[in-house]
Amino acid sequence: MADASGNKIAKNFYTDVPAKSEGFYLKGLNGYDWGVKDRMTRMFNKKSGHTVMLAFDHGYIMGPTAGLERMDITVTPLVEYADVLMCTRGALRSCIPADSNKPVALRCTTGATLLNELSYECLGVDIQDAVRLNASAMAVQVFCGAQYEHNSLQNLAQAIDNGVRFGLPTLGVTAVGKDMVRDARYLGLATRVCAEIGCQFVKTYYCENFEEVTAGCPVPIVIAGGKKLPENEALELCFNAIRDGAAGVDMGRNIFQAESPCAMIQAVREIVHNGATAAQAFEMYQDLKK
Ligand code: 5RP
């Protein structure tokens, strides 16, 4: 047998079954198609299996949050150190250079501010705009146990339905309402619900017995940093989360409100990607801060 140019082709060239594809490196995502896996691979480092996401979407409910008053000035220097930018489309288009070449987890819910009931949200970004922005994921907030739990779960389901049509992963963001206890039972429920509805990864908070939360969630979990802590404590939180099975962080205030945000995000990377201890990362932070 020969090809169009006359080169010999082995007899089995057309008939052999292709080599069995390896299991995908991220937990629970082997059953997805090429587009979803490609986008997940852009966000999660293949060597470490982890990610450092930079969250600066706070303005969508809080207005000009401390450290984010001028996102063009404060966020831009951090972009090179982040694996993923998590923000609104308004922040992206107005403040982030389009040639940054970073994957984006686009905040896609809206409908409430700090001045009102936070759980009363809807989907506020059309999937076509997410695709136009070349988003790597859509981030959708859920409020388990809150007044508008039902609406928020519906938002998540709808985003996932749209997302799988376009090969676009959805990040389920488990918000914690005023009266919710941040324990393994509650966060375990919220993360599992997100995964069962079909999101490809979940964002939640670190808590005691966090390994129960990660074990009960069949897809990767990233943790939010929460309110600003002293830098050494934030690094400890990050270390504990990775040790207990988190696949990364989606951190905001503990990076952009740190005394030296650029040093802080690099120290976080050292834990998430290179297995540094919290003490080693803090030493690195202090050196870089100088
Ligand atoms: C709000 C969010 C924020 O992105 C999230 O809270 C991460 O920021 P921080 O580390 O400051 O908590 O999803 O719902």
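Both ligands and their constituent atoms are indexed starting at 1 by order of listing. Predicted model, so just to flag it, every value in this text is computed and none were measured.
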field: Any N/O pair Gly226/ligand 1 closer than 3.5 Å
entry: yes

- request: Return the option from Met53, Arg107, His58 holding the heavy atom at the smallest distance from atom 1 (C) of ligand 1.
  value: Arg107

Within 45° cone and under 6.0 Å: Lys37 NZ/CZ vs Tyr32 ring: no

- prompt: Any heavy atom of Asp57 sitting closer than 4.0 Å to ligand 1?
  reply: yes

- prompt: Got a sec: does the CD of Glu117 have more than 12 other heavy atoms crowding it under 6.0 Å?
  reply: yes

query: Between Thr191 and Gly188, is there a donor-acceptor pair closer than 3.5 Å when you use the side chain of the first and the backbone of the second?
result: yes

field: Which residue and heavy atom of the protein sit nearest atom 14 (O) of ligand 1, plus the separation
entry: Gln141 NE2, 3.0 Å

- prompt: Which atoms from ligand 1 have a heavy atom of Val173 less than 4.0 Å away?
  reply: 13 (O)

- line: The atoms of ligand 1 lying under 4.0 Å from a heavy atom of Ala55, numbered in the order shown, are 4 (O), 7 (C), 8 (O)

field: Verdict with reasoning, His58 to Phe256, per ring-ring contact (aromatic ring centres under 6.0 Å, His included)
entry: CA-CA 11 Å; His58 305 60; Phe256 61 72; 5.2 Å; yes

message: Show, in sequence, the C-alpha distance, side-chain angles and deciding distance for Tyr25 and Phe44, and conclude whether the ring-ring contact (aromatic ring centres under 6.0 Å, His included) test is met.
response: CA-CA 10 Å; Tyr25 72 107; Phe44 285 78; 7.7 Å; no

message: Can you report which non-hydrogen protein atom sits closest to atom 7 (C) of ligand 1, along with the distance?
response: Lys203 NZ, 3.1 Å

- request: Of the side chain and backbone of Asp250, name the one, both, or neither that has a heavy atom under 4.0 Å from an atom of ligand 1.
  value: backbone

- prompt: Regarding Thr109 and Arg107, is there a side-chain donor-to-acceptor distance under 3.5 Å anywhere?
  reply: yes

query: Ile197, Ile127: one ILVMFWY side-chain cluster at the under-4.5 Å cut-off?
result: no

- prompt: Is Lys227 near ligand 1, meaning one of its heavy atoms is under 4.0 Å from it?
  reply: no

message: Pairs of nitrogen or oxygen atoms closer than 3.5 Å, one from Arg253 and one from ligand 1: do any exist?
response: yes

- request: Look only at interatomic distance and state if Met251 has a nitrogen or oxygen under 3.5 Å from any nitrogen or oxygen of ligand 1.
  value: no

Nearest non-hydrogen partners of Asp183 and Cys207, listed with the distance: C-SG, 3.9 Å

message: With the threshold set at under 4.0 angstrom, would you say Ala175 reaches ligand 1 through any of its heavy atoms?
response: no

- request: Report yes or no: do Tyr205 and Arg182 form a side-chain donor-acceptor pair below 3.5 Å?
  value: no

message: Can you tell me how the ring of Tyr285 sits relative to the ring of Phe282, calling it parallel under 30°, perpendicular over 60° and tilted otherwise?
response: parallel

- request: For Lys228 and ligand 1, answer yes if some heavy atom of the residue is under 4.0 Å from a ligand atom, otherwise no.
  value: no

- line: heavy-atom search around atom 6 (O) of ligand 1 in the protein gives Tyr205 OH, 3.9 Å

- prompt: Below 3.5 angstrom, do we get any N/O pair linking Gly225 and ligand 1?
  reply: yes

